[in-house]
Asks: 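I have a structure here, written as structure tokens, and I will follow up with some questions on it.
Position 1 is the first residue of the sequence; numbering continues from there. Bear in mind that the values here come from a model prediction, so they are computed numbers and not experimental data.
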Amino acid sequence: MSTILLVIVLFLVIELGLEILVESLNLKTLDQPLPKEVADVYDPKEYKKSQAYSKTNTYFGLIQAAVSLAVLFLALSCNIFETIDLYLRMKISDESLRGVAYLLILGGLLQIISLPFSLYKTFVIEERFGFNKTTVKTFMFDLVKGSVLGVMIASPLLYAILWFFQAFGTKAWMIAWLTMMGFQCVMMLVVPIVIMPLFNRFEPIKEKGIKDCIMAYAKKVNFPLKEVFQMDGSKRSKKSNAFFTGIGKFKRVVLFDTLIEQQSPEALRVIVAHEVGHYKKKHIYKMMLITALSVGLMLYLFGLAIETAYLSQAFGFSQHSIYASLLVFSFLYQPISTVTSMMTNALSRKHEYEADAFAAETTGDGKILIEALKRLSKDNLSHLTPHPLKVFLDYSHPTLIQRIKALN
């Protein structure tokens, strides 16, 4: 076993061990009594159901992580990575094109491996707790459409990145970085108006009372809002949500139809105010900058390691290639990715506090926002008392109790 492979295996084992530790600590917090802050919304039966939902998802996630690691070790022991590479070398001479085919094949295999977990999650766990509205037909259409779109979008980008490093070596990282950032900006424009409508129906909110309430608020805070859209989230789940997407004139505030059914017009107004707060505080652009810096760091380090033949050899490749090095590097980069993810989550939680404060200040209805957040948490069976270490490592939003305390 090469030194690089030993380092990768050691980190993956440590990572799984840390995940088991964190989730074990998180499971123990489910024994806590119902927090007094939400006692007016939850009854003991509903609280017990939310605890059971969190526990089920935790065990399911740990099993999936362990199986994924076992599959990786099996692939390494059977020399699957090298076998696929040798086959493609007989079929495709262009290294960049071969690299695209190789990475897409690996992506397809990963999707096949994860399919049973997706099916179980959707049709067993979500069904058991009363959330699932997805039909088998919708599930399969989503799978096919997602796969086709993924290939169409990823292929040219992958080819460009691989070709840059093949043509320019260690100096290619800057060109690749600028390309990926340009691609991200294009996707910010394209996703809301082209890709998302392929999966869900988006239409202006029909209820005049709700629309007038939201539009009056938007005018008050000088937010250029032409329409508020509702999305048929009930097509797949009873869970509810709201989100802000797009940039420039393509930006949209979207409410799930389930949210509209579950919340009052006043509550919807403060929820929209929260999303407007993200725009007013420039959170989207700040997160784009953080993403850009993270991607730039990754590409720069890959550029430094690109010509190290040991990278390819670590996974059993007999012949060096850019795409083999990229595959191995993606595992080596995981510790750095974990750290940057924690930093991004911390910033995201800060943004959520700021958006909550903006909504409370501009609507004057902090208490209504609290009630809306409570209802959202209850309807989605959220874990009310997660362990602080779990929150620090994985949560992009503060807990419900933390948000309530901050608003109070």
Asks: Looking at L157, V194, I195, which one forms a side-chain contact (heavy atoms from CB on, under 4.5 Å) with M187?
Replies: I195
Asks: Which one of D379, N241, L268 satisfies the side-chain contact (heavy atoms from CB on, under 4.5 Å) criterion with L259?
Replies: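 For L259, the side-chain contact (heavy atoms from CB on, under 4.5 Å) check succeeds only for L268.
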Asks: Taking atom OG1 of T291 and atom CE of M181, what is their separation to the nearest 0.5 Å?
Replies: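 That separation rounds to 7.5 Å.
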Asks: May I ask you to decide if Y333's main-chain N or O and S337's side chain share a donor-acceptor pair within less than 3.5 Å?
Replies: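 No, the answer is negative, given that no donor and acceptor are paired below the 3.5 Å cut-off.
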Asks: Can you tell me how far the CD1 atom of I84 sits from the CG atom of L109, to the nearest 0.5 Å?
Replies: 5.5 Å
Asks: Regarding K239 and the six-membered ring of F256, is the cationic atom NZ or CZ under 6.0 Å from the ring centre and inside 45° of its axis?
Replies: no
Asks: What heavy-atom pair brings A360 and G366 nearest, and what distance separates the two atoms?
Replies: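 Closest pair (atom of A360, atom of G366, distance): CB-CA, 3.9 Å.
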Asks: For the pair H278 and H274, name the ring-plane relationship: parallel under 30°, tilted 30 to 60°, perpendicular over 60°.
Replies: perpendicular
Asks: Determine, for K374 against E371, whether the closest basic-nitrogen to carboxylate-oxygen distance falls under 4.0 angstrom.
Replies: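 Answer for the salt bridge query: yes.
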Asks: Is any side-chain heavy atom of S96 less than 4.5 Å from a side-chain heavy atom of F164?
Replies: no
Asks: Is there a side-chain contact between I153 and F183 (heavy atoms, below 4.5 Å)?
Replies: yes
Asks: Within a reach of under 6.0 Å around NZ of K220, are more than 12 heavy atoms found that belong to other residues, nucleotides or ligands?
Replies: yes
Asks: Under the side-chain hydrogen bond (donor to acceptor under 3.5 Å, both in side chains) test against Y53, which residue among E126, K48, R128 passes?
Replies: E126
Asks: Please examine the side chains of R349 and N345, heavy atoms only from C-beta on, and report whether any two atoms are closer than 4.5 Å.
Replies: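 N345 vs R349: side chains touch.
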Asks: Within the 4.5 Å heavy-atom criterion, are W163 and V100 side-chain neighbours or not?
Replies: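 When only atoms from C-beta onward are counted, V100 and W163 do not touch, as no gap falls below 4.5 Å.
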Asks: If you apply the rule side-chain hydrogen bond (donor to acceptor under 3.5 Å, both in side chains), what do you find for E95 with S321, and how did you get there?
Replies: CA-CA 8 Å; E95 180 174 329; S321 65; 4.9 Å; no
Asks: From L407 CG over to D356 CG, what is the distance, rounded to the nearest 0.5 angstrom?
Replies: 5.0 Å
Asks: Is the number of heavy atoms from other residues, nucleotides or ligands within 6.0 Å of NZ (K286) greater than 12?
Replies: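 Yes, NZ of K286 has more than 12 neighbouring heavy atoms, counting only those of other groups under 6.0 Å.
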Asks: Give a yes or no on whether the backbone of A292 and the side-chain of W177 come within a donor-acceptor separation of less than 3.5 Å.
Replies: yes
Asks: Is a side-chain N or O of D43 found less than 3.5 angstrom from the main chain of K45, in a donor-acceptor match?
Replies: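 Yes, D43 side chain to K45 backbone: donor-acceptor pair under 3.5 Å.
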Asks: Checking D365 against L369 for the side chain to side chain contact (heavy atoms under 4.5 Å, CB included) test, could you report, in this order, the C-alpha distance in whole Å, the side-chain angles of both residues, the deciding distance, and whether it holds?
Replies: CA-CA 6 Å; D365 288 330; L369 177 56; over 6 Å; no
Asks: Only one of K55, K28, K390 forms a salt bridge (Lys or Arg N to Asp or Glu O under 4.0 Å) with E23, so which one is it?
Replies: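 Single pass found, and it is K390.
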Asks: Please report the interatomic distance CG(L400) to NZ(K405), rounded to the nearest 0.5 Å.
Replies: 11.0 Å
Asks: Which atom pair, heavy atoms only, marks the closest approach of P398 to E352?
Replies: CD-CB, 3.5 Å
Asks: Taking the basic N atoms (NZ, or NE/NH1/NH2) and the acidic carboxylate oxygens, is any pair closer than 4.0 Å for K211 and E207?
Replies: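 Looking at E207 together with K211, the answer is no, because their closest N to O distance does not fall below 4.0 Å.
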Asks: Heavy atoms only: give me the nearest L34-A39 pair and the separation to one decimal.
Replies: CD2-CA, 3.9 Å
Asks: Begin from the C-alpha positions of I8 and L332 and carry the test side chain to side chain contact (heavy atoms under 4.5 Å, CB included) through to its verdict.
Replies: CA-CA 6 Å; I8 291 174; L332 283 174; 3.7 Å; yes
Asks: How are the rings of F302 and F165 set relative to one another: parallel (under 30°), tilted (30 to 60°) or perpendicular (over 60°)?
Replies: perpendicular
Asks: If we ignore hydrogens and angles and just use 3.5 Å, is the side chain of T138 paired with the main-chain N or O of T134 as donor and acceptor?
Replies: no
Asks: Quick check for you: to the nearest 0.5 Å, what is the distance between L326 atom CG and F329 atom CZ?
Replies: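 L326 CG to F329 CZ: 8.5 Å, rounded to 0.5 Å.
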Asks: Does K133, at its NZ atom, have more than 12 non-hydrogen atoms belonging to other residues, nucleotides or ligands within less than 6.0 Å?
Replies: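 Counting other residues, nucleotides and ligands, NZ of K133 stays at 12 neighbours or fewer.
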Asks: Would you find a donor on one side and an acceptor on the other, under 3.5 Å apart, between the side chain of Q166 and the backbone of I322?
Replies: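 Side chain of Q166 to backbone of I322, a donor-acceptor pair under 3.5 Å: no, none is there.
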Asks: Taking T338 for its side chain and Q334 for its backbone only, find out whether a donor-acceptor pair lies under 3.5 Å.
Replies: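 Yes, because the side chain of T338 sits within donor-acceptor range (under 3.5 Å) of the backbone of Q334.
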Asks: Do other residues, nucleotides or ligands put more than 12 heavy atoms under 6.0 Å from F73 CZ?
Replies: yes
Asks: Are the side chain of S54 and the backbone N or O of S50 linked by a donor-acceptor pair below 3.5 Å?
Replies: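 Here the side-chain-to-backbone pair exists.
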Asks: Is a donor from one side chain sitting under 3.5 angstrom from an acceptor on the other, for Q111 and S147?
Replies: yes
Asks: Begin from the C-alpha positions of T363 and I368 and carry the test side chain to side chain contact (heavy atoms under 4.5 Å, CB included) through to its verdict.
Replies: CA-CA 10 Å; T363 63; I368 292 181; over 6 Å; no
Asks: Using a 3.5 Å distance criterion without hydrogens, assess whether the side chain of E82 forms a donor-acceptor pair with backbone atoms of S318.
Replies: yes
Asks: Specify the closest pair of heavy atoms between D257 and S234, including all atoms of both residues, with the distance to one decimal.
Replies: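 For D257 versus S234, the nearest heavy atoms are OD2-OG, 2.6 Å.
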Asks: Taking all non-hydrogen atoms of both residues into account, name the closest pair between S118 and F139 and its distance.
Replies: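 Distance-wise, the nearest heavy atoms are CB-CZ, 3.9 Å.
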Asks: Counting only N and O atoms by type, is there a donor-acceptor contact under 3.5 Å from the side chain of S24 to the main-chain atoms of I20?
Replies: yes
Asks: Would you say that L16 contacts V13 through its side chain, given a criterion of any heavy-atom pair below 4.5 Å between the two side chains?
Replies: no
Asks: Any side-chain heavy atom of H320 sitting closer than 4.5 Å to one from S325?
Replies: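 Side chain of H320 against side chain of S325, heavy atoms only: contact under 4.5 Å found.
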Asks: Counting heavy atoms not belonging to N408, are there more than 12 under 6.0 Å from its CG?
Replies: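 Correct, the count exceeds 12.
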Asks: Answer yes or no: does atom OH of Y300 have more than 12 heavy-atom neighbours from other residues, nucleotides or ligands under 6.0 Å?
Replies: no
Asks: Given the rule in the side chain to side chain contact (heavy atoms under 4.5 Å, CB included) test, do M196 and F229 qualify, once you have shown the distances and angles that lead to the verdict?
Replies: CA-CA 12 Å; M196 292 176 65; F229 291 87; over 6 Å; no
Asks: Would you give the length of the straight line joining atom CD1 of I125 to atom CZ of F60, rounded to the nearest 0.5 angstrom?
Replies: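 It is 5.0 Å, given to the nearest 0.5 Å.
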Asks: Quick one: do the E127 and Y120 side chains pair a donor with an acceptor below 3.5 Å?
Replies: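 Side-chain D/A pair, E127 to Y120: absent.
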Asks: Taking atom types as modelled, is there a side-chain donor on T29 or Q32 under 3.5 Å from an acceptor on the other?
Replies: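 Side-chain D/A pair, T29 to Q32: absent.
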Asks: Does the plane of the ring in F81 sit parallel, tilted or perpendicular to the ring in F317? Use 30° and 60° as the thresholds.
Replies: tilted
Asks: Do I284 and M188 have side chains that get closer than 4.5 Å, going by heavy atoms?
Replies: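 Touching, per the 4.5 Å side-chain cut-off.
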Asks: Which pair of non-hydrogen atoms, one from P386 and one from N26, has the smallest distance, and what is that distance?
Replies: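 That closest heavy-atom pairing would be CA-OD1, 3.2 Å.
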Asks: Can you confirm whether K145 is buried at NZ, in the sense that more than 12 heavy atoms of other residues, nucleotides or ligands lie under 6.0 Å from that atom?
Replies: yes
Asks: Would you say that I404 contacts V38 through its side chain, given a criterion of any heavy-atom pair below 4.5 Å between the two side chains?
Replies: yes
Asks: Under a 3.5 Å distance rule, please check whether S155 uses its side chain to pair with a backbone N or O of M152 as donor and acceptor.
Replies: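 Looks like no, no N/O pair under 3.5 Å.
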Asks: Check whether more than 12 heavy atoms from other residues, nucleotides or ligands sit under 6.0 Å from atom CE of M90, and answer yes or no.
Replies: yes
